[in-house]
Amino acid sequence: MVTPVRVRFAPSPTGFPHVGNIRTALFNWLYARHYKGKFIVRIEDTDVTRKVEGAIEALLDSLKWLGMDWDEGPEVGGKYAPYFQSQRLDIYREMAERLIVQESAYYCYCSSQRLEEMRAEQIKRKQPPGYDRRCRDLTPEERSAKEKEDITPVVRFKTPLSSQTGFRDLIRGEVVFDNSTLDDFVLLKSDGYPTYHLASVVDDHLMAISHVLRAEEWLSSAPRHRLLYQAFGFEPPQFAHLPMILGADRAKLSKRHGAVSITEYKELGYLPETMVNFLALLGWSLDDRTELISRQELVANFSLERVSQTAAIFNQEKLNWMNGVYIRSLSVEDFAERALPFLDKGLPAEVRRPLAKKYVGEIMPLIQERAKTLAEVIGLSQFFFIEDLDYDTSLLISKGMDREAALKALAKSLASLNKREAFDAESLEGVLRPLAAELGLKTGQLFGTLRVAVTGETAAPPLFQTMAVLGKERCLKRIEAAQNKLAKRG
RNA sequence: GGCGCAUUCGUCUAGCGGUUUAGGACACCUCCCUCUCAAGGAGGAGAUCACCGGUUCGAAUCCGGUAUGCGCUACCA
């Protein structure tokens, strides 16, 4: 029988969910769903000092937002509970003691101050930094002397001094390390919490994890984990180290590259379907041409063989393009519904709330094709909502026109529009097109002047449709206001 | 410094020994459409496959070295 696929996403709640971590979660989730296995979420909250309030909630919210459901973990529990490492401290202590008893690990009494000095000295002498193993072979007498000093020891792993440790990475193939390059790393900290190395190995075994898919930055730690499995006598899972996601300058993606947390992308108005699609393609590909791919297709086609070995740069412009594609693919109703909260939050305070749903519904078809993000909807549609337009008066004078011509165009437009009963796009066009000819203007000139008068912008959705949505009263008022502005300017 | 991983258009990538004059996408440029902006359509430019050797009848594809980049080198994950 083949071992069932059980993969885990094991974030540490030390900050807000980084897109790199979320990508790792996605690959794990896709792997689990593709192979009909289990996706487990485990919270690695073993660093008390770096803990960030609200991080776990943000993380779980992000997973839900992207549609990554988990079979075991926080909120849902599971047969290997608890899924918070801070609630499993007894297990780690017991496991560490087990290694001490069999002499695979030992107590270390060195102070952090001494360790720091040691490291500084090693660096000064251009030696590879690493624990000098002072406590590795303490005699019983030495040990009891240390015990009396009232310092809480840490537990260190007794790394084999010679030979090699290797393993087969599912993405990179055979990887081998000399044990001599590994030092005696800490397993249990003096505060009673385990380090990542101990906790992840113990839990991955106890939780019957079959595949460890994690970021490449863990590759160098893999031999340590391998050694731990050996010392415990556990069957190790399969390992695959995923390529990293970098910023535009090829450095690890960080705050100075802009948005790095998935929650920021949500707030900026990127669609969850965009993020899933985009993140999936950062390090994985289906073939030589597929760019747009749904979650279902991803699940159906995901495999580790098609995961790239090279770090990928996060291409913001491609993300924008893709989000535009997804926005345009939405039904108008869906788009309006998703845009509404952004408008509600982003429109100026003087705009009356609640926003009229019907009016918003008329505006959105004009905006949908032009928005790359939901947040952009605010700026693109603002003129529909505010009362007084603020723009540079000179914009009313289209290219090739002078002030008099613009004034005349506004006056004539006002007059003919005033007479009209019907104010739909079609009849508007029927009035204004002939008017341009009558005025001896190109349509672009007349429409440009009117566009600025009516929207305050030089770039906006098509004039007639815009005017129709705005309504007769508001349009006439704005054209009049434009006239006054221009007249005053003289 | 040590160890590890990687190296195809600016970027994401396809390619897994001959089908390749290296394919697609974003961005960029030109044209078309057009009341502006978008969207859309048609083209274009852009990669001596990091470099040097080797294996082979034949290499972007296999091997070795060099260079460069990245990661790790904590009582952080």
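Convention: sequence-line order gives letters A, B, ...; per-chain numbering from 1.
In the set B:C75, B:G40, B:A38, B:C75 carries the atom at the smallest distance from any side-chain atom of A:R119. Among the nucleotides B:A38, B:A77, B:U11, the one closest to the side chain of A:R370 is B:A38. Side-chain proximity of A:A459 to B:C12, B:G2, B:C37: nearest is B:C37. Taking every side-chain heavy atom of A:K189 into account, B:C76 is the closest of B:C37, B:C35, B:C76. The listed nucleotides are B:A39, B:G4, B:U13; the one nearest the side chain of A:S285 is B:U13. Listed candidates were B:A6, B:A27, B:C75. Nearest to the side chain of A:Q309 is B:A6.
Ring geometry for A:W218 versus A:H225: interplanar angle of 30 to 60°, hence tilted. Between A:F167 and A:H241, the ring planes are perpendicular. Angles over 60° get that label, and only those under 30° would be called parallel.
Both distances falling under 3.5 Å, in either a Watson-Crick or a G-U wobble arrangement, place B:C31 opposite B:G41. Base pairing of B:G64: its partner is B:C52, meeting the Watson-Crick or G-U wobble criterion (both donor-acceptor distances under 3.5 Å). For B:C72, the paired base is B:G2 (Watson-Crick or G-U wobble, both distances below 3.5 Å). The base-pairing partner of B:U36, taking Watson-Crick or G-U wobble contacts with both distances under 3.5 Å, does not exist among the strands shown. Pairing of B:U21, defined by two Watson-Crick or G-U wobble distances under 3.5 Å, is not identified with any nucleotide. The partner of B:C16 cannot be assigned: no Watson-Crick or G-U wobble pair with both contacts below 3.5 Å exists in any strand.
Distances shorter than 4.0 Å separate none of the side-chain N or O atoms of A:S190 from OP1 or OP2 on B:C75. Using a 4.0 Å cut-off, some side-chain N or O of A:T46 falls inside it from OP1 or OP2 of B:A77.
If you take atom C1' in B:A74 and the same atom in B:U8, they sit 38 Å apart, rounded to whole Å. Straight-line distance between the C1' atoms of B:C62 and B:U55: roughly 8 Å, to the nearest whole Å.
Each of A:F177 and A:G444 was matched to the nucleotide of RNA chain B holding its nearest heavy atom; the match closer to the 5' end belongs to A:F177.
A:Y391 and A:A482 make their closest contact through OH-CB, 3.4 Å (heavy atoms, listed as atom of the first residue, atom of the second, distance).
No side-chain donor from either of A:S180 and A:D178 sits under 3.5 Å from a side-chain acceptor of the other.
By the neighbour-count criterion of 12 heavy atoms within 6.0 Å, atom NZ of A:K412 is sparsely surrounded, having that number or fewer from other residues, nucleotides or ligands.
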